[in-house]
Amino acid sequence: MEKYKVGILGATGTVGQRFVTLLENHPWFEIKVLAASKNSAGKTYGEAVKNRWILSAEVPQKYENMIVMDIEEDARKIVSEVDFVFCALGGEKDKIKKLEEMYAKLECPVISNNSANRMTPDVPMIIPEINAEHAKVIEYQRKRLGTKRGFIAVKSNCSIQCYVPALHPLLDLGIKNILVCTYQAISGAGKTFDTWPEMKDNIIPYISGEEEKSEVEPLKIWGSLEDGEIELNSDINITSQCIRVPVSEGHTAAVFVDFERKASCDEIIEKMTNFKGHEMSRDLPSSPNRFITYFEESDRPQIKTERNLERGMGISVGRLRKDTQYDIKFVCMSHNTVRGAAGGAVLLAEMLCREGYINK
Ligand code: NAP
């Protein structure tokens, strides 16, 4: 099979590095372009990530000598060499929103990790197992942009990608109120313990913008397509606190939930573990065999034992029990730069390719 030609915008950062390693031997996708800011453009990829490579695996040899392109000045050249791009850019949101739209208008599909377009009503924000059908909004977005091929699709914030999957199979119980506290790894800020030594033996009780995203993004994921836009779910209330903890990779969440209809803990666990995911998300190269795994042991899920479950694409849940103020409470965890970032975006791109939204 001829592979899709892929570019990575922001290839030098934390998430960009994950894309590079995840796609090294991908059966459908072949990286043709690595691009970043002017600081990295013109260097080989090996030079550009020297002293900032965060992964335990080495820089893949086949990309080491690839010349990094400039996401702005080389945009036309980039789109002529690829079938679509992944966006892993950091930086100012207004600028990224314009850049992503520029690529889409150059007829290049953009699959983005960035938050700049997440709340744009005709941009689908997709966790493929949950709301793959939101891809239908792409035809309305293309009308607005005046494009035939180009569009933007995004994945959600990394923090919600452990608790929204765990809660989704429970929607038929009528979820009313959710209280969630997240414990987020430093790689979520694009950092390591070397680049952020203050995080050793420390907790920071604030992550800029994260609580707002954690409360509103699930409502778009659970929203519906109305008049060419994704309308937010208005039945569910969410409140959150997001805390940075001294962990390299893996976000944990402690969740409390109220339902309209009551169910036993065993029934709830069964609903979670039997959930197979949306049919459009199944049997793709990056699909996990098991989406949600429940751990009976009272000291699980733990970061070190569970974060790489299902190649980092699985959701781990444990400690589900009755609560005295809410109906139930539980703890869940997922890998923030795989499921929560690059891996989730690769799965989304695979789904969009198979469904015909992206063509070679
Ligand atoms: P990062 O490590 O800071 O990397 C940022 C990348 O963007 C680098 O390639 C950088 O290029 C490029 N860049 C930064 N400012 C730019 C500018 N003004 N113009 C052009 N290129 C620019 O960030 P990250 O942690 O990988 O995150 C990337 C995006 O994914 C962010 O929007 C983040 O919110 C989102 N995200 C991250 C995670 C996570 O777990 N880390 C999870 C979900 C979503 P140079 O190297 O050339 O400067």
Side-chain angles (χ1 to χ4, degrees), residues 6-26 31 33-37 39-41 43-66 68 71 86-91 96 111-115 155 157-159 161-162 182-204 207-208 210 242-252 286 302-314 333-347:
V6 173
I8 300 173
L9 312 181
T12 48
T14 305
V15 177
Q17 293 176 23
R18 273 280 169 209
F19 273 118
V20 167
T21 49
L22 284 177
L23 296 180
E24 185 186 0
N25 298 307
H26 194 279
I31 297 177
V33 169
L34 297 171
S37 77
N39 299 334
S40 307
K43 295 180 184 166
T44 64
Y45 186 64
E47 281 165 358
V49 296
K50 204 172 162 198
N51 303 326
R52 53 191 287 216
W53 185 256
I54 60 151
L55 304 175
S56 48
E58 299 284 303
V59 179
Q61 238 181 354
K62 63 178 176 182
Y63 307 125
E64 202 153 356
N65 292 319
M66 201 179 255
V68 178
I71 52 153
F86 287 108
C87 176
L89 290 171
I96 291 169
I111 311 301
S112 184
N113 272 279
N114 197 278
S115 62
K155 46 151 288 301
N157 191 28
C158 47
S159 68
Q161 300 214 26
C162 53
T182 63
Y183 305 91
Q184 302 190 201
I186 61 173
S187 58
K191 298 277 179 35
T192 64
F193 287 113
D194 288 336
T195 57
W196 202 3
E198 299 82 358
M199 275 311 299
K200 286 183 192 160
D201 193 24
N202 199 11
I203 275 179
I204 297 182
I207 306 175
S208 174
E210 204 74 353
C242 299
I243 295 174
R244 189 72 73 193
V245 295
V247 161
S248 58
E249 304 253 40
H251 288 353
T252 300
S286 303
Q302 289 183 21
I303 292 285
K304 284 195 174 171
T305 42
E306 270 72 69
R307 71 181 150 202
N308 290 321
L309 192 78
E310 298 285 351
R311 300 171 292 155
M313 292 297 283
M333 200 270 289
S334 66
H335 197 303
N336 60 299
T337 61
V338 183
R339 164 56 76 172
V346 171
L347 182 66

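Taken to the nearest 0.5 Å, the CG atom of Leu9 stands 10.5 Å off from the CG atom of Asn114. The distance from the CD1 atom of Ile303 to the NE2 atom of His335 is 9.0 Å, given to the nearest 0.5 Å. Within the model, atoms CD1 of Ile207 and OG1 of Thr182 stand 5.5 Å from one another, a figure rounded to the nearest 0.5 Å. Here the straight-line distance linking atom CD of Glu249 with atom CD of Gln184 works out to 13.0 Å at 0.5 Å rounding. Distance check: Leu347 CG to Ile111 CD1 gives 11.5 Å after rounding to the nearest 0.5 Å. To the nearest 0.5 Å, atom OG of residue Ser334 and atom CE of residue Met313 are 10.0 Å apart.
Formation of a donor-acceptor pair under 3.5 Å by the Gln17 side chain with backbone atoms of Ile54 is found in this model. The backbone N or O of Ala341 sits nowhere less than 3.5 Å from a side-chain atom of Arg18 that would complete a donor-acceptor pair. A donor-acceptor pair under 3.5 Å links the side-chain atoms of Arg244 to the main chain of Ala185, judged by distance alone. Within the 3.5 Å criterion, the main-chain N or O of Gly340 finds a donor-acceptor partner in the side chain of Lys155. Under a 3.5 Å cut-off, the side chain of Ser187 and the backbone N or O of Ser248 do form a donor-acceptor pair.
Sorted by first and then second residue, the side-chain hydrogen bond (donor to acceptor under 3.5 Å, both in side chains) pairs involving residues 48-66 (not counting sequence neighbours) form an empty list.
For the residue pair Met199 and Phe193, the shortest heavy atom distance occurs at O-CE2, 4.1 Å. Looking at every heavy atom in both residues, Pro246 comes nearest to Asp201 through CB-N, 4.4 Å. Nearest approach of Tyr45 to Val20, heavy atoms of both residues: OH-CG2, 3.4 Å. For the pair Ala342 and Phe19, the tightest heavy-atom approach, listed with the atom from each and the gap, is O-CE2, 3.5 Å. Pairing each heavy atom of Ala48 with each of Thr12, the nearest pair is CB-CG2, 3.8 Å. When every heavy atom of Ser40 is checked against every heavy atom of Val68, the shortest pair comes out as O-CB, 3.6 Å.
Between Asn157 and Glu210, some side-chain heavy-atom pair lies under the 4.5 Å cut-off. Considering only heavy atoms from C-beta on, Asn113 stays 4.5 Å or farther from Phe86 through its side chain.
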